[in-house]
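Here the structure is laid out as structure tokens; the discussion comes afterwards.
Positions are given from 1 along the sequence. For ligands, and for the atoms within them, numbers begin at 1 and follow the listed sequence.
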Amino acid sequence: MKTISNKDMLSLLDKLKAKSKREANIFFSLCEKDSEIISTKKFKDVLLNSGLRAKDKRLYNLFQNLDAHGDRIVFEDFIDIIRSSELIVEKALRGELSIPDFSYFAKNLDNMFDEVKKIKSGELASYIPPLANVDPDQFGVAIVTTDGQIYQRGDSEVDFSIQSMCKPFNYCFAMEKLGLEKVHQHVGQEPSGRQFDDLTLLARSAVGQLNRIPFNPMVNAGAIMTAGLIGPEDSHSQRLRYIRQQFGRLIGWSPKGEFNTELPRFNKDMARQENFTGYNNIAMGYLLMATGNLPHTKTKLHNDIHPDQDEFDFYSEPAVTEALKLYFSICSLEMTSVNFATAAATLANSGVCPISQDRVLSQKTVRNCLPVLQTSGMYNASGTFFQQVGLPAKSGVGGGVILIVPRLMGICIFSPRLDEQGNSVRGIEMAKKITSKYLVHTFDGTMTDTDRLDPKIPISKWRANSCGEAIWAASNGNIRTLERLVSEQRDLQIGDYDMRTPLHLASAEGQLEAVKFLLKQGVKPIPDRWGGYGYFDAKNNNHKDIVKEYEKLDINYTQASHLVEDPNGKTDKMAIYDDELAVIELLFAAFENNVEGIRTLIAKGVPVHAGDYDSRTALHLAAAEGCMEVVEYLVSHGHPLFVRDRWGATPLDEAKREKRKSVYNFLKDFKLKT
Ligand code: GLN
């Protein structure tokens, strides 16, 4: 392999840009150490670590081509590969998929899973043997994003009974066939506040006449009604086949048999048992018939009974039995958590399956379904669930729960022990854990709670957002921005990776008004990484007015202790980059040893050696924190060694001061070589 020096790496980037700008940064970010090639394996790994799967339709050809390609890729080939593959590849490489920090996200979910697994409370559904006999300890979680990233854990590939989780989909299928208005002549959209199998109907007056319809499609009465609405003129097997195929499409099945996805399994025994014990549902079927709202044909069928026999030909209404038979059959479909999460993701993705790109439902249908799920999906616990978790969701007595985070992801949790309302105990706990860690509650839009994360934002960017804007504003004396941040309830005390705060920077830059503003807001001076207070930033830079402000407070200010071995030694230039927050993000990634975070920023065109308000660079941070992997990555991608921060310290000085031995030795060796 031809290696090139650290200095030449930056000119390599310029050379690549001259050939083709669009792909240059991405290619450069993936380059093997000090070379002009990328490894095929590394390329694949980055794609897979982003949460995408090799069997994804959009990646299928790409992976085949890569397998045929050999283990090294030069820039010219890379351009071809990227151009011929879908945009998804570029998004993955630039960290722009629905959930950009997928491995961090997965790690957090793993932790939640392990916690929730300890919960053993709740009871299995016991009304029929096929549900009463499942292994109660099963626990699976799957998440599929609208970009097709997949997380799965535990029993996520075990088929389980859909039960009531079929209800939102039946509702969608009925709307696709009849449209919203027609469907709602037969079923309401009001929360019932009652048990799922309650027989009470909603009284609605229509043109001087009292009409009684099920409260909504998420209670049994409503679901029997929607089943009755789907293809009533067809035979049972035609109707069930249609529904299975629609479910299939929701989970990425295609009639051509691509993507290794099968149709949901039909558990005949389950359906039979539902029928044997489903008196309440059967009663409901007749009740719906009695209201005149269940679609039926007018002609009544007659059975032949011998005229001599003392009996009459008892009539049972086929519209009722057919609707019930279909409802019981649909409740007895089985899929895996990954399948259910994919179906939920199709709803999150406005009706397009993220795995197959098949538009299964219209945007309108999905948009009309989600509010009803939000208000009625969790039975009579829907209100509490909405407040606590705040997501459209649907549970089933088979132990499954699906949750939809619109435009982001579908979630399925499966664990068969149920609470009193018939919801999976672990399902609810897991859902609560997800919303207590991530800002995905429908009404989280207004929250600026920095303890919780937005999964759509990379973690380093999240950290940068929490402090970067205030620090830059303070250092530029931008009071308007500081005022806005206050009204947004942002914490102006938060420091960066060096514990430098808005107060430090305002003091260092002589921004008297900003210092006054911050102190008036009650911001407390705190020491930075080196033990220094803003007081000394002001003093050392001769900002006397600011020093006076500090002296009004009763604090014992300490001086920073920096280490600069060779103040007159060689000095390299850091890069100035316009997107100031991206620079803070880069430095946070370095601080957290997040090589992939750094790589995606480089892929987006942020210079490796961009510097912040204190002229700190990623290499300073990686050296100070002893993040060896990042140090190696930065240096091999052309980060110069002798950049100096505000106080003149180089990364080598920082490694020494913080006693990061291996980083120190590595940089020292490197220095000798150059
Ligand atoms: N098959 C069950 C019933 O109709 C479904 C109930 C449920 O999951 N809540 O009673």
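Close approach of ligand 1 to G396 is summarised as follows: ligand atoms under 4.0 Å from at least one heavy atom of the residue are 8 (O). Contact atoms of ligand 1 toward C331: 1 (N) (distance under 4.0 Å to a heavy atom of the residue). Within ligand 1, the atoms closer than 4.0 Å to a non-hydrogen atom of Y127 are 1 (N), 2 (C), numbered from 1 in the order shown.
Polar contact check, Q163 against ligand 1: a nitrogen or oxygen pair lies under 3.5 Å apart. The shortest N or O to N or O distance between N281 and ligand 1 is below 3.5 Å. An N or O contact shorter than 3.5 Å links V397 to ligand 1 by distance.
At a threshold of 4.0 Å, the pair K456-D101 does not count as salt-bridged, since none of the basic side-chain nitrogens sits closer than that to a carboxylate oxygen.
Although no hydrogens or angles enter the test, the distance criterion places a donor-acceptor pair under 3.5 Å between the side chain of R426 and the main chain of K117. Under the 3.5 Å distance criterion, the side-chain polar atoms of R452 are matched with a main-chain donor or acceptor of T435.
At a heavy-atom distance under 4.0 Å, only side-chain atoms of E274, from C-beta outward, approach ligand 1.
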Run the ring pair (Phe, Tyr, Trp, His ring centres under 6.0 Å) test on F160 and F340 for me, step by step, so that the C-alpha distance in whole Å, both residues' side-chain angles and the decisive distance to 0.1 Å come before the verdict.
CA-CA 10 Å; F160 68 92; F340 280 114; 4.9 Å; yes

Chi angles and distances behind the side-chain hydrogen bond (donor to acceptor under 3.5 Å, both in side chains) call for N281, N220:
CA-CA 7 Å; N281 287 326; N220 285 12; 3.0 Å; yes

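Below 30°, between 30° and 60°, or above 60°: for F105 and Y438 the angle between ring planes is between 30° and 60°, a tilted geometry. Between F173 and F247, the angle of the ring planes goes over 60°, which puts this pair in the perpendicular group of the 30/60° scheme.
The number of heavy-atom neighbours closer than 6.0 Å to CD of E262, taken from other residues, nucleotides and ligands shown, is 12 or below.
Nearest protein neighbour of atom 9 (N) of ligand 1, counting heavy atoms only, is Y379 OH, 2.6 Å. When hydrogens are left out, the protein atom nearest atom 8 (O) of ligand 1 is S164 OG, 2.6 Å; that is the closest non-hydrogen contact. The shortest contact between atom 10 (O) of ligand 1 and any protein heavy atom is with N220 ND2, 3.2 Å. What sits closest to atom 4 (O) of ligand 1 on the protein, heavy atoms only, is Y327 OH, 2.6 Å.
Contact annotation: F328 has no heavy atom less than 4.0 Å from any atom of ligand 1. Distances from ligand 1 to the non-hydrogen atoms of G422 include no value under 4.0 Å.
Using a 4.5 Å heavy-atom cutoff, the side chains of K177 and I230 are in contact.
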